[in-house]
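A short worksheet on the structure shown next.
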Amino acid sequence: MKIGVDIDGVLVDFVSGFLQYYNLKYGTDLKYNDATTYYMEEAFGLPQDKISSIMNEYLRSHAFVRMQLIPGSKEAIGNLSSRHSLHIITARSSDIYDRTVGWLHHNFPGCFSKILFSNSPGLPKMSKAAICKQQGVSILVEDSLENALTCSAAGVTVFLMDCPWNQRGQLPENVIRVSDWQEIVETLQKEERFLTETL
Ligand SMILES: [Mg+2]
């Protein structure tokens with residue numbers, strides 16, 4: 001099975017890393033649990049240009065490549081990559097393509113068969129739903145509610161990592177809210193056993 005895997009909020013704790021950087025720089029105390037939307041300027045009532053400028057700085061910092069992995073992600077990805085074809089599907093800017101690919105090779109060596117950017121250099125921007133359809137990805141692990149809903153409408157099953165910024169509204173049947181990677185591995189193993197037993 002082809003499984004799509006997002007990076008930020010799924011493999012790495014981007015929000016905690018960014019807030020830590022921001023708090024250190026400005027002496028503030030912005031908290032992870034208050035990030036109740038995907039957009040920091042909205043969640044914390046900060047000017048968009050201030051967020052954009054510090055975000056650009058953060059993406060080029062040492063702190064960015066040293067962000068904490070999401071607990072259990074390394075083990076789960078290692079486990080799943082032995083039985084499935086794992087594709088990274090990220091909306092990260094292509095400006096940080098090399099840093100991202102280097103980081104993936106360092107932390108998850110040999111685990112991903114493809115690394116796909118929805119913003120590839122020189123190519124038109126693609127939605128994650130379009131990438132999943134084009135690549136035949138049937139399951140996506142994601143933290144953005146917006147991406148989860150568009151992919152689900154395109155027939156992709158989504159494991160939605162439970163985060164403060166994806167709590168709004170009812171989820172469709174094919175969007176499964178999960179608390180951690182272990183839950184994803186266990187759900188997939190149950191499904192694999194069911195399929196083997198019923199074949
Ligand atoms: Mg994400």
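Atoms within each ligand, like the ligands themselves, are counted from 1 in listed order.
Looking only at atom types and distance, the side chain of Glu57 has a donor-acceptor partner in the side chain of Tyr21 under 3.5 Å away. Judged purely by distance below 3.5 Å, without hydrogens or angles, the side chains of Gln135 and Lys114 pair a donor atom with an acceptor atom.
For the pair Lys125 and Phe117, the NZ or CZ position fails the cation-pi test of under 6.0 Å to the six-membered ring centre and within 45 degrees of the ring normal.
As for Asp8, its N/O/S atom nearest the Mg ion (ligand 1) is the one called O.
The distance from the Mg ion (ligand 1) to the nearest N/O/S atom of Glu142 is not under 2.8 Å.
Rounded to 10 degrees, the OD2-metal-OD1 angle spanning Asp6 and Asp143 at the Mg ion (ligand 1) equals 80°.
Using a 4.0 Å cut-off between a side-chain N of Lys or Arg and a carboxylate O of Asp or Glu, Glu192 and Arg83 qualify as a salt bridge.
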